[in-house]
Amino acid sequence: MSEKPFPHPSVFLGEKRLERIKGYRVHESRTPEKPLRVLTPSQTIGPFFALGLVGSSEDDLACREPGGARAQGTPIVVSGRVTDEAGKPVRKALIEVWQANRWGKYEHPDDTTDAPLDPAFKGWGRMLTDSEGRYRFRSIKPGAYPNPGYDDWMRPPHIHYSIFAAGLMQRLITQLYFPDEALNDIDPILNGIENLDARASLVARRLRADQAGEQGVEAYGFDIVLSGAAQTALFVDG
Ligand code: FE
């Protein structure tokens, strides 16, 4: 039998789970036990926050400019709704997304892997929810990549999310994962969420092909619930 490359998360029990993943440090900025010291008082962003922040075609991560060359990889469309605890739509929420390219490479100086860059791939996008709380963006399915500093930890394909809206005092961040990815079952960050419903909330739903609105495109649904019992699992910024 071949040796397993890294341990299954079920062997890491309780609160110390993440700390036992080969040197992973749970430090205070990731999971603060007491309120962080606030130097500048927070104030609401007000109703005009989003005005002028989002340009055309910023909801397309798979090209540098409208009509330009398309990134390599499996084209995807991700759509969903942002709702509050009562299920009411959150309109004009600013959603920002960023991800690795099809080979699991970020265009970032800290990504020192040998995986190739894709000159056509922008890798980030931003959009506003409409009056029904809906959002949608185009991209390509990201590749898995080795987590820097851990030679035996491959992050499953994922898309990073930041959500900011009127009424929030700080942005919310989380990650979308794809269904049926074997690496999901052994990713310490995803499996660090103890509540199974909360963990499942981060795995996108595969939608019917016709829901993508384009041929040959995989469609995924990812709804975001900002609070309450069905809240999407959100991470502390940092
Ligand atoms: Fe990432």
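Atoms within a ligand are numbered from 1 in the order they appear, just like the ligands themselves. In what follows, every heavy atom counts, from backbone to side chain, and hydrogens, waters and symmetry copies are set aside.
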Without swapping roles, check the side chain of [X] against the backbone of [Y] for a donor-acceptor pair under 3.5 Å.
{"X": "D84", "Y": "G87", "value": "yes"}
{"X": "N191", "Y": "N184", "value": "yes"}
{"X": "H158", "Y": "P156", "value": "yes"}

Check: What is the number of protein N, O or S atoms that sit under 2.8 Å away from the Fe ion (ligand 1)?
Finding: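 Under the 2.8 Å cut-off, the count stands at 4.
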**Prompt:** In chain order, what residues pass the side chain to side chain donor-acceptor pair (under 3.5 Å) check against S57, with sequence neighbours excluded?
**Reply:**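 Expected list: none.
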For residues 116-123, please give each side-chain donor-acceptor pair under 3.5 Å, one per line with the distance, not counting sequence neighbours.
{"residue": "D118", "atom": "OD1", "partner": "A120", "partner atom": "N", "Å": "2.9"}
{"residue": "D118", "atom": "OD2", "partner": "Q72", "partner atom": "N", "Å": "2.8"}
{"residue": "K122", "atom": "NZ", "partner": "D60", "partner atom": "O", "Å": "3.3"}

Practice task
Could you list the residues that satisfy side chain to side chain contact (heavy atoms under 4.5 Å, CB included) with I76, not counting sequence neighbours?
Solution key: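 Counting only residues at least two positions away or on another chain, I76 forms a side chain to side chain contact (heavy atoms under 4.5 Å, CB included) with V78, S139, K141, I159, F178, E218, Y220.
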